[in-house]
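These notes are about the structure you will find just below.
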Amino acid sequence: MMLQLTPVEVLAVLGGLFALVMVWRASAKATRRASEAARTSVRFMSLTGRVVVTAAAIVGVQWIVIKHPGNEGLLLAVLGVPALFASYTLTRALTVTAVDMPQQKKGRRR
C-alpha cells in the first residue's frame with residue numbers, strides 16, 4: 001500500500017506540527033514563570049510566619065515573668081534578650097538579601 005500525499009497535505013501536516021511545538025514551548029515558559037512567582041511568595045510567607053511565631057514566643061515569656069514579679073534581673077533579662085531577637089528578626093525581614101532575577105538564555109552576543 002502506497003501513501004500518496006499532495007504537497008499541500010505535507011505542508012499542512014508540517015504546519016500543524018510546528019504550531020503544536022510552539023504552543024508546547026509557550027506553555028512551558030508560562031509554567032516556569034508561574035512557579036517562580038509562587039516560589040517568591042512562599043519565601044515571603046515563610047519569613048512572615050517565622051516572625052509571628054517568634055513574636056508570640058517572646059510575648060508569652062514576658063507575660064509569664066511580668067505576672068510573677070520578684071526578681072529584677074530576671075525581668076530585665078526577659079525584656080532585654082527578646083528585644084535583641086526581635087531586632088535581629090526585624091532587620092532580617094526588612095533587609096533585601098537577594099534579588100531574584102529571571103534567568104536569561106546564556107549565549108554569545110555579537
Side-chain angles (χ1 to χ4, degrees):
M1 180 171 172
M2 199 69 182
L3 182 64
Q4 294 183 356
L5 296 174
T6 66
V8 173
E9 291 171 335
V10 171
L11 286 176
V13 170
L14 290 177
L17 288 175
F18 180 73
L20 183 66
V21 168
M22 295 308 290
V23 168
W24 177 65
R25 287 187 65 197
S27 68
K29 286 180 183 180
T31 302
R32 193 175 315 120
R33 276 182 286 199
S35 69
E36 277 296 319
R39 206 173 299 136
T40 302
S41 66
V42 166
R43 283 186 208 137
F44 176 73
M45 292 307 292
S46 175
L47 181 61
T48 303
R50 288 192 302 249
V51 168
V52 169
V53 168
T54 304
I58 291 169
V59 168
V61 170
Q62 287 177 341
W63 183 259
I64 290 170
V65 171
I66 289 172
K67 288 302 268 183
H68 301 288
N71 190 348
E72 294 293 320
L74 181 63
L75 180 64
L76 289 175
V78 167
L79 293 177
V81 172
L84 292 174
F85 287 129
S87 65
Y88 174 76
T89 303
L90 283 173
T91 302
R92 289 275 314 243
L94 298 175
T95 302
V96 176
T97 57
V99 176
D100 293 332
M101 297 293 290
Q103 293 181 352
Q104 297 178 353
K105 292 182 182 180
K106 294 180 181 176
R108 298 180 81 189
R109 287 189 158 185
R110 293 183 181 201

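Gln4 and Glu9 make their closest contact through O-OE1, 4.1 Å (heavy atoms, listed as atom of the first residue, atom of the second, distance).
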Review item, side-chain donor-acceptor pairs of residues 69-83, under 3.5 Å, at least two apart:
| residue | atom | partner | partner atom | Å |
| --- | --- | --- | --- | --- |
| Asn71 | OD1 | Gly73 | N | 3.2 |

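Between Ser87 atom OG and Arg92 atom CZ the span is 13.0 Å, to the nearest 0.5 Å.
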